[in-house]
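Down below is the structure, laid out as structure tokens.
No experiment lies behind these values; they were computed from the predicted model shown. By convention in this document, chain letters (A, B, ...) are assigned in the order of the sequence lines, proteins followed by strands, and residues within each chain are numbered from 1.
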Number of protein chains: 2
Amino acid sequence: MHEGVFKAMSDPTRRRIIELLKEGPQTAGQIATHFAHAQPTVSRHLAVLKAANLVVDQRDGTFIIYQLNTTIVQDWLAWVLEHFGGGHGDETN
Amino acid sequence: MHEGVFKAMSDPTRRRIIELLKEGPQTAGQIATHFAHAQPTVSRHLAVLKAANLVVDQRDGTFIIYQLNTTIVQDWLAWVLEHFGGGHGDETN
DNA sequence: TTATTATATGTCTAAATAGCTAAATAGTAA
DNA sequence: TTACTATTTAGCTATTTAGACATATAATAA
């Protein structure tokens with residue numbers, strides 16, 4: 001269920017993209033300027049984030065605007081806390 | 001800093017090992033019985049968790065007992081919450 | 001010493017990953 | 001239509017990864 005999110009989160013570039021998008025939606029090109037990578041490389045990372053449903057995209061003319069899917073991020077955080085936080089493992093049983 | 005932890009967390013088998021160890025220390029062999037994988041495969045996963053400092057091991061005769069490094073798990077959770085939780089990105093600045 | 005048990009490590013294979021350049025696509029405008 | 005811009009996709013390479021089996025190591029016991 002959260003497998004894709006974990007995989008997406010395992011890459012530092014993608015984590016930075018998520019942090020960037022926390023400050024607001026951005027164009028694929030704008031996102032790419034924050035990295036030393038070639039633009040297609042960043043595009044691939046965006047595709048991974050999109051496949052994990054962590055971001056949503058929306059075309060505006062020739063631009064494609066990426067936006068954080070806050071719900072998924074929050075759900076994942078809750079799941080992570082439930083499974084690895086706390087102290088004794090199964091307080092929900 | 002948390003790169004190793006993210007990588008370790010990205011594998012489902014390792015996540016299950018962490019969940020198992022939340023219930024208490026276990027022998028490498030005991031851990032292995034919970035999975036369909038060959039013993040060396042589980043041993044390799046334990047080595048990854050150990051490299052990420054997520055677990056600590058301690059020999060007891062021929063056995064090696066693995067234990068969760070709760071501090072690292074908590075630190076990672078705090079870091080994840082700080083970076084991906086909340087709503088506006090840089091409340092710590 | 002030898003034998004046995006528990007675990008790790010060597011070595012290989014198949015699959016996945018991240019990076020690149022080049023080419024394709026989608027939209028806009030002349 | 002052509003031309004231009006923004007972005008994705010194709011195709012490739014190098015690296016990493018997870019899995020397996022075989023072998024090595026470490027501790028104990030006889």
Side-chain angles (χ1 to χ4, degrees), chain A residues 1-21 23-69 76 83, chain B residues 1-21 23-69 76 84:
Chain A
M1 221 261 208
H2 295 93
E3 186 64 22
V5 180
F6 272 105
K7 284 304 182 90
M9 286 289 192
S10 73
D11 182 88
T13 300
R14 289 193 290 266
R15 289 199 297 272
R16 275 207 58 207
I17 292 176
I18 292 176
E19 293 193 72
L20 282 174
L21 291 181
E23 286 156 28
Q26 284 191 49
T27 284
Q30 288 184 305
I31 295 169
T33 65
H34 293 281
F35 299 94
H37 298 131
Q39 176 266 327
T41 297
V42 177
S43 181
R44 282 262 136 88
H45 281 302
L46 287 168
V48 172
L49 291 170
K50 192 170 146 186
N53 206 24
L54 277 166
V55 301
V56 149
D57 65 339
Q58 164 197 0
R59 190 176 269 278
D60 175 23
T62 57
F63 297 91
I64 295 182
I65 300 169
Y66 281 86
Q67 190 173 353
L68 203 56
N69 192 345
W76 179 74
H83 283 254
Chain B
M1 221 264 207
H2 295 93
E3 186 63 21
V5 180
F6 272 106
K7 284 303 183 93
M9 286 289 193
S10 73
D11 182 87
T13 299
R14 289 194 289 266
R15 289 198 298 272
R16 276 207 57 207
I17 292 176
I18 292 176
E19 294 193 73
L20 282 173
L21 291 181
E23 286 155 29
Q26 284 192 50
T27 284
Q30 288 184 306
I31 295 168
T33 65
H34 293 280
F35 300 94
H37 298 129
Q39 174 266 324
T41 298
V42 177
S43 181
R44 285 261 139 87
H45 282 301
L46 287 168
V48 172
L49 291 171
K50 192 170 145 186
N53 207 24
L54 278 166
V55 301
V56 149
D57 65 338
Q58 164 198 358
R59 191 176 268 277
D60 175 24
T62 57
F63 297 91
I64 295 181
I65 301 170
Y66 281 86
Q67 190 173 353
L68 204 57
N69 192 345
W76 180 73
F84 303 112

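Distances shorter than 4.0 Å separate none of the side-chain N or O atoms of B:R44 from OP1 or OP2 on D:dA20. The shortest distance between the side-chain N/O atoms of A:Y66 and the OP1/OP2 oxygens of D:dT8 is below 4.0 Å. Using a 4.0 Å cut-off, some side-chain N or O of B:S43 falls inside it from OP1 or OP2 of C:dA8. Distances shorter than 4.0 Å separate some side-chain N or O of B:T41 from OP1 or OP2 on D:dA20. At the phosphate of D:dG19, OP1 or OP2 sits under 4.0 Å from a side-chain N or O atom of B:H45.
Of the candidates D:dA22, D:dA18, D:dT7, D:dT7 carries the atom nearest the A:Q39 side chain, counting heavy atoms from C-beta on. Relative to the side chain of A:A28, the nucleotides C:dT7, C:dT21, D:dT7 differ in distance, and D:dT7 lies closest. Closest approach to the B:T62 side chain among C:dC20, D:dA27, D:dA18 is made by D:dA27 (side chain taken as heavy atoms from C-beta onward). In this structure, the nucleotide among D:dT8, D:dA6, C:dT9 sitting nearest to the side chain of B:P40 is C:dT9. Distance from the side chain of A:R59 is smallest to C:dG27 among D:dT7, C:dA22, C:dG27. The listed nucleotides are C:dA18, D:dT7, D:dA20; the one nearest the side chain of A:T27 is D:dT7.
Among the atoms of the strands shown, only primed sugar atoms or phosphate atoms (P, OP1, OP2) are found under 4.0 Å from some heavy atom of A:K7.
Taking atom CG of A:L46 as the reference point, atom C1' of C:dA18 lies 14 Å away to the nearest angstrom.
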